[in-house]
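Everything quoted here is computed from the prediction, not taken from an experiment. The figures here come from the full heavy-atom set of this structure, side chains too, leaving out hydrogens, waters and symmetry mates. The chains referred to below are lettered A, B, ... by the order of the sequence lines, with proteins before strands, and numbering in each begins at 1.
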Protein chains: 2
Amino acid sequence: MDVEKLKQMLEAKGIRPTFQRIKILEYLLTQKETHPTADEIYEVIHSQMPTLAKATVYNTLNTFVRHGIASVLMISGEEARYDPVVEPHPHFFCVKCKRVFNIQSAPIDDKCLNLKEIEGNKIFEVHVYFRGICKECLKKSS
Amino acid sequence: MDVEKLKQMLEAKGIRPTFQRIKILEYLLTQKETHPTADEIYEVIHSQMPTLAKATVYNTLNTFVRHGIASVLMISGEEARYDPVVEPHPHFFCVKCKRVFNIQSAPIDDKCLNLKEIEGNKIFEVHVYFRGICKECLKKSS
DNA sequence: ATGGATGCAAAGTGTTTGCAGCCAG
DNA sequence: CTGGCTGCAAACACTTTGCATCCAT
């Protein structure tokens, strides 16, 4: 992706567009479906940029989340996963292959996912996920 | 609660009813609303039973979860919380006071919470929670 | 030259594991 | 007597922190 555009995305949120941050954002944007962990992100970028420290990856991802550029998924006690899509949407977590993927057809309406208040409590985020075994793993084991 | 009844609950699930396990189950059942962490459970029971080890609490809770006597809630990267209610139900997590409580009126129907399959994937559990600031904390800060 | 960002290592937190001793069946 | 459970400490995985260095303004 165009580096200029990435820079602008960061600056638009008041984040200084350093080389590391641009790289991490770029990688994240190529991974809208896979919800990579901090470690995966570190491994991929570190291989092209051996000076990158893992702490920088964590710091950067936290910065992104705080500024609304990414969202973090905490599923079933697994490692945190990062998603460049910040709109709430349901996920499926496969306990066999550990993949996390989006579910398009969950019988939950947007009204619920975008609730801002419930029983007097103020809502920041609505998290919905299904835990089970994915189609592919079901096939393999049968 | 009646110790005999607790023993029977454990035996019915094929769990040997040791003293520690009975105590932990008893405490859990008094806490259907508060969703205690392993540490809270440890602190409370350890104070009446100083030989209890934390590892035993973790082992026991894992045993309970594996046998369907309790469920575990993993919320937003916080510590695991345990719930003697195994039926799926939505929760609210307050980022200020860190309480986790049940939400009765979430606009999600039981059909969704009890889904067993979606897009070809087999579902074990449906997790729904809201993250935000609770009524009480809103009052305090205003 | 000033403040923020990075790299590195160390610390921290929550959880699991290995193993010896113990208890109940 | 035997297997499973407990207690303890050490190991573990993931994440955060402290600090010196570096870089861009």
Taking only residues two or more places apart in sequence or in another chain, which ones pass side-chain hydrogen bond (donor to acceptor under 3.5 Å, both in side chains) with B/Glu119? A/Ser105
Readout for nucleotides 5-21 of chain C: B = base within 4.0 Å of protein heavy atom, S = sugar-phosphate only, - = neither; 5' to 3' it is SSBBB----SBBB----
From the 5' end of DNA chain D to its 3' end, which nucleotides mark the outer limits of contact with chain B, defined by a 4.0 Å heavy-atom distance cut-off (strictly under)? D/dG4 to D/dA9
Check this for me, if you would: do A/Glu125 and B/Arg131 make a salt bridge, where the nitrogen-to-carboxylate-oxygen distance has to be below 4.0 angstrom? yes
Residues 84-98 of chain A vs side chain to side chain donor-acceptor pair (under 3.5 Å), sequence neighbours excluded, gives A/His35-A/His91, A/Asp83-A/His89, A/His89-A/His91, A/His89-A/Asn102, A/His91-A/Asn102
Would you call A/Arg99 and A/Glu136 a salt bridge, taking side-chain N to carboxylate O under 4.0 Å as the test? yes
Is it true that a side-chain atom of A/Glu117 and a backbone atom of A/Gly120 form a donor plus acceptor pair closer than 3.5 Å? yes
So, for B/Phe101 and B/Phe92, is the gap between ring centers shorter than 6.0 Å? yes
Rounded to the Å, how far apart are B/Ile22 CD1 and C/dC23 C1'? 14 Å
Based on the rotation axes of five pairs at each end, what angle does the helix from C/dA1-D/dT25 to C/dG25-D/dC1 bend through, to 10°? 20°
Quick one: NZ on B/Lys122 to CD1 on B/Ile118, what's the gap to the nearest 0.5 Å? 15.5 Å
Any side chain to side chain donor-acceptor pair (under 3.5 Å) pairs touching residues 55-67 of chain A, not counting sequence neighbours? none
Between CG on residue B/Leu29 and NZ on residue B/Lys5, distance to nearest 0.5 Å: 9.5 Å
Does a salt bridge link A/Glu26 with A/Lys23, judged by any charged N lying under 4.0 Å from a carboxylate O? yes
